[in-house]
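See structure below.
No experiment lies behind these values; they were computed from the predicted model shown.
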Amino acid sequence: MPERGLAMATPLSADRLLSALRAEGVRVVEVGNWHTHNRNHKGAWGPVNGIIVHHTVTSGSRRTVDICRNGYSGLPGPLCHGVITKDGRVHLVGHGRANHAGRGDSTVLGAVIAERAAPRPQADTTDGNARFYGFECENLGDGRDPWPAVQVEAIARASAAICRAHGWNERSVIGHAEWTRTKIDPRGPGLSATQFMDRIRGRVRELLATPAGNGEKETDMALDNADLDRISDRVWKKDGHPVAWGTESNPAWAAISMLHYACDLGRQNRTLIKGVAAAVAQLAAQGAARDAVLAALAQDGGLTAEQVEAAAASGARAALAELGERLADDAA
């Protein structure tokens with residue numbers, strides 16, 4: 001059962017934290033000895049009263065996780081409890097005291113404990129590392145780097161998991177800039193940290209209104225190679241399409257190959273993947289329409305079926321080449 005004593009909340013054990021995250025539908029990656037990786041020898045861990053969300057000012061998931069786990073010169077790790085990468089995975093890197101919150105405003109802490117809107121931070125007098133769980137989120141923090149929907153959903157679900165376990169509401173989740181006047185994170189394109197966190201808190205509230213693992217929301221998920229194989233099977237192998245799969249004469253084969261390549265290069269370019277997926281659907285429709293008109297053209301247009309087939313294949317290759325040039329320009 002969740003404990004309701006907000007002022008004296010005992011930190012979740014590593015096993016309870018892991019179970020809570022998974023129950024909330026979070027995709028968890030356990031990194032090394034995260035269960036025992038902490039800074040407990042430097043100070044208190046608990047009672048805990050809330051969650052602080054940060055941005056990392058880094059790019060690249062592996063590099064980001066490594067930095068947050070190990071720290072850097074002058075600030076040893078762990079720098080948080082979980083790293084939320086752009087693909088929506090939560091990498092657990094520590095459990096216990098972590099170097100993430102630093103000192104902040106005691107009035108803000110009081111508002112978090114009371115589960116009400118926090119005032120603007122003023123004096124940095126209170127040890128936040130003892131009182132808050134911390135999630136570092138992969139983002140450059142320059143106000144231009146986008147937040148993929150799947151990452152935003154992971155931030156909300158990870159926060160909701162901890163809130164649910166402790167019996168807290170969404171006001172127990174704050175941004176680093178809401179804790180101390182010396183920070184600006186997490187911010188996004190056109191959004192201050194408070195505006196960004198208001199969106200997170202709104203989603204946490206929605207999740208907490210339903211049982212754990214429910215409250216499913218459609219998100220802009222990146223395709224993986226298994227998804228692409230299912231697309232190819234569904235579109236081009238069903239009912240024995242007349243153009244052999246796996247040959248260069250099949251325009252969809254080349255398009256699917258480009259999709260695989262796009263995913264392998266970088267799953268964060270979601271616009272690129274969406275564009276190619278749309279092109280595959282368009283090619284599929286063109287292929288079905290071509291089959292329907294072949295006989296009519298051959299009969300009424302004075303051409304043989306072979307001539308029409310050759311013309312259609314040539315046109316498809318030309319369209320695919322043009323698509324490839326557009327994609328190369330977009331990716332540049």
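Residues I84 and V28 fall within the same hydrophobic cluster, defined by Ile, Leu, Val, Met, Phe, Trp and Tyr side chains chained together at heavy-atom separations under 4.5 Å. L17 and V173 end up in the same hydrophobic cluster when Ile, Leu, Val, Met, Phe, Trp and Tyr side chains are linked at under 4.5 Å. Side-chain heavy atoms closer than 4.5 Å link hydrophobic residues (I, L, V, M, F, W, Y) into clusters, and following such links, possibly through other members, connects V26 to V204. One hydrophobic cluster, built from ILVMFWY side chains closer than 4.5 Å, cannot hold both L79 and V90; they sit in different ones. Note: the hydrophobic cluster containing W45 also contains I51 (ILVMFWY, side chain heavy atoms under 4.5 Å, direct or indirect links).
Taken to the nearest 0.5 Å, the CD1 atom of I67 stands 11.5 Å off from the CG atom of L75. Taking CD1 from I174 and CD1 from I52, the interatomic distance works out to 4.5 Å, rounded to the nearest 0.5 Å. Between the CG atom in L18 and the CG atom in L12 there is a gap of 11.0 Å [rounded to 0.5 Å]. Distance check, rounded to the nearest 0.5 Å: NE2 of H95 to CD of E30 gives 12.0 Å. Note: D185 CG to W179 CH2 = 14.0 Å, rounded to the nearest 0.5 Å. In this structure, OG1 on T210 lies 8.0 Å from CG on L208, to the nearest 0.5 angstrom.
Judged by distance alone, with hydrogens and angles left aside, the side-chain atoms of N70 form no donor-acceptor pair with the main-chain N or O of G77 at under 3.5 Å. Formation of a donor-acceptor pair under 3.5 Å by the E178 side chain with backbone atoms of P121 is not found in this model. Proximity of a side-chain donor or acceptor of H91 to a complementary backbone N or O of V31 within less than 3.5 Å is not detected. A donor-acceptor distance shorter than 3.5 angstrom exists from the side chain of R164 to the backbone of L207, with no hydrogens or angles considered. Side-chain atoms of H81 come within 3.5 Å of backbone atoms of G96 as a donor-acceptor pair (strictly under, hydrogens ignored).
The existence of a salt bridge linking R144 and D142 is confirmed by a sub-4.0 Å separation between a basic side-chain nitrogen and an acidic carboxylate oxygen. In this structure, D124 does not pair ionically with K183, as no charged nitrogen and carboxylate oxygen lie closer than 4.0 Å. Ionic pairing of R201 and D198 is present here: one or more N-O contacts between side-chain nitrogen and carboxylate oxygen are shorter than 4.0 angstrom.
In this structure, F196 and N139 have side chains that are not in contact, with every pair of non-hydrogen atoms separated by 4.5 Å or more. Within the 4.5 Å cutoff, the side chain of V152 has heavy atoms near those of the I200 side chain. The shortest side-chain heavy-atom distance between F135 and I155 does not fall under the 4.5 Å cut-off. Between M197 and P186, the closest side-chain pair of non-hydrogen atoms falls below 4.5 Å. Counting heavy atoms from C-beta outward, L140 and H55 have side chains that stay 4.5 Å or more apart. For the pair F132 and L109, the minimum side-chain heavy-atom distance is below 4.5 Å. Looking at R69 and N33, their side chains come closer than 4.5 Å, going by heavy atoms from C-beta outward. By the 4.5 Å heavy-atom criterion applied to side chains, E170 and R203 are not counted as neighbours.
The nearest pair of heavy atoms linking A212 to E24 is CB-OE1, 3.8 Å. When every heavy atom of R120 is checked against every heavy atom of D105, the shortest pair comes out as O-OD2, 4.2 Å. Across all non-hydrogen atoms, the minimal contact from E115 to N169 is OE2-N, 2.6 Å. Contact between A118 and V108 at its shortest, heavy atoms only, is CB-CG1, 3.9 Å. Taking each heavy atom of N49 and W168 in turn, the nearest pair found is C-CH2, 3.5 Å. Of all heavy-atom pairs spanning C68 and T56, the tightest one is SG-CG2, 4.2 Å.
Under the 30°/60° scheme for interplanar angles, the aromatic rings of H166 and Y133 are found to be tilted.
None of D127, N40, N38 except one satisfies the side-chain hydrogen bond (donor to acceptor under 3.5 Å, both in side chains) rule with R97; the exception is D127. With H100 as reference, H54 is the one residue of H54, H176, E136 to meet the side-chain hydrogen bond (donor to acceptor under 3.5 Å, both in side chains) rule.
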Test side-chain contact (heavy atoms from CB on, under 4.5 Å) applied to R171 and R116, step by step | CA-CA 6 Å; R171 284 293 175 188; R116 55 179 172 79; 5.6 Å; no
Determine, stepwise, if the pair L191 / R199 fulfils side-chain contact (heavy atoms from CB on, under 4.5 Å).
-> CA-CA 10 Å; L191 296 174; R199 295 188 178 186; 3.8 Å; yes
Under the side-chain contact (heavy atoms from CB on, under 4.5 Å) criterion, do V150 and D87 qualify, and how do the steps go?
-> CA-CA 6 Å; V150 67; D87 60 5; 5.6 Å; no
Under the side-chain hydrogen bond (donor to acceptor under 3.5 Å, both in side chains) rule, what do D15 and S13 come out as? Steps first, then yes or no, please.
-> CA-CA 5 Å; D15 289 340; S13 69; 5.5 Å; no
Evaluate the side-chain contact (heavy atoms from CB on, under 4.5 Å) criterion for residues V48 and I162: first the C-alpha distance (whole Å), next the side-chain angles of each, then the deciding distance (0.1 Å), finally the verdict.
-> CA-CA 11 Å; V48 287; I162 294 175; over 6 Å; no
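Looking only at atom types and distance, the side chain of T194 has no donor-acceptor partner in the side chain of S192 under 3.5 Å away. Defined by atom type and a distance below 3.5 Å, a donor-acceptor pair is missing between the side-chain atoms of W147 and Q151.
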